[in-house]
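Everything on this sheet refers to the single structure shown next.
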Amino acid sequence: MAKITFIQPDGTEQTVEAAPGMTVMEAAKKELVPGIEAECGGACACATCHVYVDDAWHEKVGPPSEMEEDMLDFAFDVRESSRLSCQIKVTQELDGLIVRVPEKQF
Amino acid sequence: MSADGTQGATPIETDALIIGAGPVGLFAVFELGLVDIKAHVIDILDKPGGQCAELYPEKPIYDIPGLPVVTGQGLTDALMAQIKPFGATFHLGQRVDVLQKAGDGRFRLVTDTGTTFLAKVVVVAAGGGSFTPKRPPLAGIEAFEGTSVFYSVRRMEDFRGKDVLVVGGGDSALDWTLNLQPVAKSLTLLHRRDDFRGAPHSVERMRALVADKKISLLIGQMTALHGDGGVLSGVTVKTKDSESRLAVNRLLPFFGLTMKLGPVADWGLNLHENLIRVDTERFETDVPGIFAVGDINWYPGKLKLILSGFHEAALMAQAAHKIVYPGKKLLFQYTTSSSSLQKKLGVS
Ligand SMILES: Cc1cc2nc3c(=O)[nH]c(=O)nc-3n(C[C@H](O)[C@H](O)[C@H](O)COP(=O)(O)OP(=O)(O)OC[C@H]3O[C@@H](n4cnc5c(N)ncnc54)[C@H](O)[C@@H]3O)c2cc1C
Ligand code: FES
């Protein structure tokens, strides 16, 4: 199991357990983390599962694929650290991962 | 595809009117066709296929019975081929706003462009609702919509002599950049990265206009809108290393589409968490003659799957037959062996 911490724009933190193989989006939905909407259910087709990966984890998580980069065009306030959480697969390596939920999904 | 010579006054009369051209609306054409019911189909999108065509045309679907794998667009194309014999009339790019009883037992429907229909039965196959442009979450944007902020171009004249900001990196943003450049006083294209998803030849033409200093290209994102009384005067744009205010009076943001329930909520149908409640024998709403199939309906055990919608369409058609042809008995037949069904399908 890997622990993933979601930080809300107001600073509230929530740590959830995720099994390797599932996605960060699924881990969030399972525990009803606010602000992860995931309208398309993880198909990289809606950009409403947008998160900012904590600087310390940036390298380990890696960059988005080309398809994900295209989909990020539909997100708001996209930054260097932006990822679509449905496209991040949980591995044991990501135990302790910290991501921030944006002000708004749209 | 549209036969909309009739605007406003003279309604188009039809046996069945299907709202939504998603996979389930398309298959409803087939099932209705087998029982001799002709249909008109309306969709706000400019193409058939609903979610499959708009959200995931190139992604694979693995749970359509008999098709081990098919893409969203592939399924749409196959359904269009399958329903071809029934000659349904499509009215694309129109949203059904009004659905009411006509007084003679039929239903009256009006679209946002004023096309009016009279139908004996209505099939709501509205899926997750109408596709609507995504609204950037900028404070106060609503106040500018329709006057300074537009999500599509209905009249080029609205942009003549204006300082226009187009935002986005896909085909809509590129096409309107190219089309509006000659009429606008100034045009700026803003995108979050220097990489465009649109058609390569549009990207080339856009870059040529930038090189000729006919338009400006900015890499960055919007952070605030400025203006008063619905009149836009500027947009704050954050680029990699600075933030500045751009003096523009027209804004066209293109951030894709999202599904919103829309007018379906106003038709007086019995809703369960924004879905239309139906029975599971006929998939009829609590208004006799109005059916709901596919993602838009709800009943205990409902699964939002394409295959469930196909089943619902088959039973709906049996019930619709009783309304369109009262007193006429419907024989149960197989397409494999029935010569009359095969004649309808144009295969015998
Ligand atoms: C990324 C993704 C992957 C999916 N994968 C699968 C899968 O593998 N298997 C599966 O079975 N399902 C899958 N689905 C779900 C499947 O796409 C839906 O169940 C299916 O599209 C529902 O079809 P529908 O015809 O009911 O509605 P939709 O496809 O939603 O179409 C409804 C149409 O109605 C139109 N409409 C709505 N209101 C109005 C109005 N007032 N006026 C005019 N037009 C209107 C809309 O514009 C839309 O085009 C997936 C969905 C997504 C997003
Ligand atoms: S859930 Fe839709 S893109 Fe991630």
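All heavy atoms count here, side chains included; hydrogens, waters and symmetry mates do not. Since this is a predicted model, take the numbers as computed values, not measurements. Here is the naming used below: chain letters follow the sequence lines, and residue numbers restart at 1 for every chain.
Looking at M71(A), neither its backbone nor its side chain comes within 4.5 Å of chain B, counting heavy atoms on both sides. Of the two parts of R193(B), only the side chain, counted from C-beta on, holds a non-hydrogen atom closer than 4.5 Å to a non-hydrogen atom of chain A. Contacts of K304(B) with chain A are absent, with no heavy-atom separation under 4.5 Å from either backbone or side chain. For E80(A), the part sitting under 4.5 Å from any heavy atom of chain B is the side chain, from C-beta outward, and nothing else.
At a heavy-atom cut-off of under 4.5 Å, chain A is reached by L55(B), K59(B) from residues 52-66 of chain B, listed in order of number.
Between R197(B) and E69(A) there is no salt bridge, since no side-chain N of the basic residue sits under 4.0 Å from a carboxylate O of the acidic one.
Between the CG atom in D73(A) and the CZ atom in F254(B) there is a gap of 14.0 Å [rounded to 0.5 Å]. Going from atom CG of D77(A) over to atom OG1 of T223(B) covers 9.0 Å, rounded to the nearest 0.5 Å. Distance check, rounded to the nearest 0.5 Å: OG of S82(A) to CZ of R192(B) gives 7.5 Å. The CZ atom of F76(A) sits 5.5 Å away from atom CE of M222(B), with the distance rounded to the nearest 0.5 Å.
The residue among H191(B), K238(B), M259(B) with the most heavy atom pairs within less than 4.5 Å of chain A is H191(B). When each of G256(B), G128(B), G169(B), P136(B) is scored by its heavy-atom pairs under 4.5 Å with chain A, the top score falls to P136(B).
Within a 6.0 Å sphere centred on CD of E142(B), other residues, nucleotides and ligands contribute more than 12 heavy atoms. More than 12 heavy atoms of other residues, nucleotides or ligands lie within 6.0 Å of CD in E243(B), so this atom counts as buried by the packing criterion. Around CZ of R205(B), the count of heavy atoms belonging to other residues, nucleotides or ligands within 6.0 Å does not exceed 12. Heavy atoms from other residues, nucleotides or ligands lying under 6.0 Å from NZ of K30(A) number more than 12.
The nearest pair of heavy atoms linking R135(B) to F106(A) is O-CD1, 2.9 Å. Heavy-atom minimum distance, P137(B) versus K104(A): CB-CD, 3.3 Å.
Put simply, the side chain of Q221(B) gets close to the backbone of V78(A): a donor and an acceptor are under 3.5 Å apart.
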